[in-house]
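Indexing begins at 1, ligand by ligand and atom by atom, following the structure's order. Remember, it's a predicted structure, so these values are computed and weren't measured experimentally.
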Amino acid sequence: MHVTTRTGTRSRTRLRLAGALAAALVAVGVAAGPAAQAGEGHGKPATLADLAERHGRYFGSATDNPELTDSAYTALLGSEFDMITPGNGMKWYATEPRQGVFDWSQGDEIVNLARKNHQRVRAHTLVWHSQLPGWLTDREWTAGELRAVLKKHIFAEARHYRGKVYSWDVVNEAFNEDGTYRDTVFYRTLGPDYIADALRWAHQADPHAKLYLNDYNIEAVGPKSDAYFALAKDLKARGVPLDGIGLQAHLALQYGYPTTLEDNLRRFSRLGLDTALTEVDVRMLLPADEAKLATQAQWYADMTKACLAVRRCVGITVWDYTDKYSWIPAFFPGQGAALPWDEQLAPKPAYFAIQEALGGR
Ligand code: 9MR
């Protein structure tokens, strides 16, 4: 009999006992069936969340309010994942549509659903140059005015979700590709220290949430991830409350795999920071074919293994789980098929590759 042993860290005693029991059964010659191998005990196949938890990690998905009326979709969303990110519902345009008038309805709907499903929430996002309300973008602000507006928004939102979310993407997409600061209304008006201020305010409003900076194209070592490394080091040295760096990981087959991902995760770890893959998808030029889907599966597996290899990489979130609700086709015409489940909610090779990389099957 061929026996595969898993060596991942098991954080919970229950799982350690299950592992010891399985080993004992193997030792006395009792063949472990698929359910026993999955360690779930009730014959239910292990979900990605179950598998990730054996490594002390989470496996999450983004979601968005309009999709929540699709019951086949919400069934999988509620069962396969243990971390949820609202794709839009907590952004500034949604939460403060008029100055000083707050609307938590979309974020609350997702937080309540996650609670019902015993899932945690990666909250997204407090400060971003995009999806801002018109009242904020349609006029000029003095530094004093904008600072007050920013502080009020962060306090109101982080307070509202205090104790209900695992983490906040406090500042999203602050750098350009060359590692210079992105020219946003916040940077232009307040200078680079708006980032430290935002982190401090978020920490005051919700002292237990993990506070992240989050960006795309920072998976590999390069000018943009170097900028985050330098900023994180500086913020830590100044005692600014920063807990982690979110690597969005919106990858595209035609641009190649970020082969330095693991080294990159490791250097942030060494700074004493958590890391997470926060918005993973792997798009391709359509139509999809078997070869592209196989390469995509390999990339998902490689990302998963890179995260498992670095102790402080705490988890992985896909930017929604099904091609049915992916943002890609609308933003990159002619591209898509980026997620582990297809438009009919059937698992693709990428799903099985993630499952295997997590030690399942
Ligand atoms: O998934 C979001 C999509 O529904 C919105 O239309 C889009 C608008 O920019 O934002 C998407 O989410 C983005 C995330 O908030 C930040 N990183 C990039 C994501 C994809 O654009």
Heavy-atom proximity to atom 21 (O) of ligand 1, picking from W319, Y325, Y93, W327, points to W327

Pairs where residues 257-276 contributes a residue and the test ring pair (Phe, Tyr, Trp, His ring centres under 6.0 Å) is met, not counting sequence neighbours
F229-F268, Y257-W299

If you count the atoms of ligand 1 from 1 in the order shown, which ones are under 4.0 Å from a heavy atom of F331?
6 (O), 7 (C), 8 (C)

Protein contact to atom 8 (C) of ligand 1 [nearest heavy atom, distance to 0.1 Å]:
Q131 OE1, 3.3 Å

Ring-face cation of R120 near Y166 (centre distance under 6.0 Å, axis angle within 45°)
yes

Starting from atom 14 (C) of ligand 1, find the nearest protein heavy-atom neighbour and note its residue, name and distance.
H124 NE2, 3.4 Å

Can you pull out the closest protein heavy atom to atom 4 (O) of ligand 1? Residue, atom name and distance to 0.1 Å, please.
N88 ND2, 2.9 Å

Is it true that the NZ or CZ of K233 lies under 6.0 Å from the centre of Y228's six-membered ring and within 45 degrees of the ring axis?
no

Passes ring pair (Phe, Tyr, Trp, His ring centres under 6.0 Å), Y325 versus Y73? Steps please.
CA-CA 10 Å; Y325 297 121; Y73 168 82; 4.9 Å; yes

Name all residues meeting the salt bridge (charged side-chain N to carboxylate O under 4.0 Å, His left out) criterion together with R312; count only those two or more places apart in sequence or in a different chain, and write none if there are none.
D274

Which heavy atom of the protein is the closest neighbour of atom 19 (C) of ligand 1, given with residue, atom name and distance?
E279 OE1, 3.3 Å

Looking only at protein heavy atoms, what sits closest to atom 10 (O) of ligand 1 is K91 NZ, 3.1 Å

Near H250, which atoms of ligand 1 are under 4.0 Å from a heavy atom of that residue?
18 (C), 19 (C)

Check this for me: does any side-chain nitrogen of one of D234 and R238 sit under 4.0 Å from a carboxylate oxygen of the other?
yes

So, is E173 polar-close to ligand 1, with some N/O to N/O distance under 3.5 Å?
yes

Is it true that D183 and R188 make a salt bridge, defined as a side-chain N closer than 4.0 Å to a carboxylate O?
yes

One residue to check: N172. Relative to ligand 1, which of side chain, backbone, both or neither has a non-hydrogen atom less than 4.0 Å away?
side chain

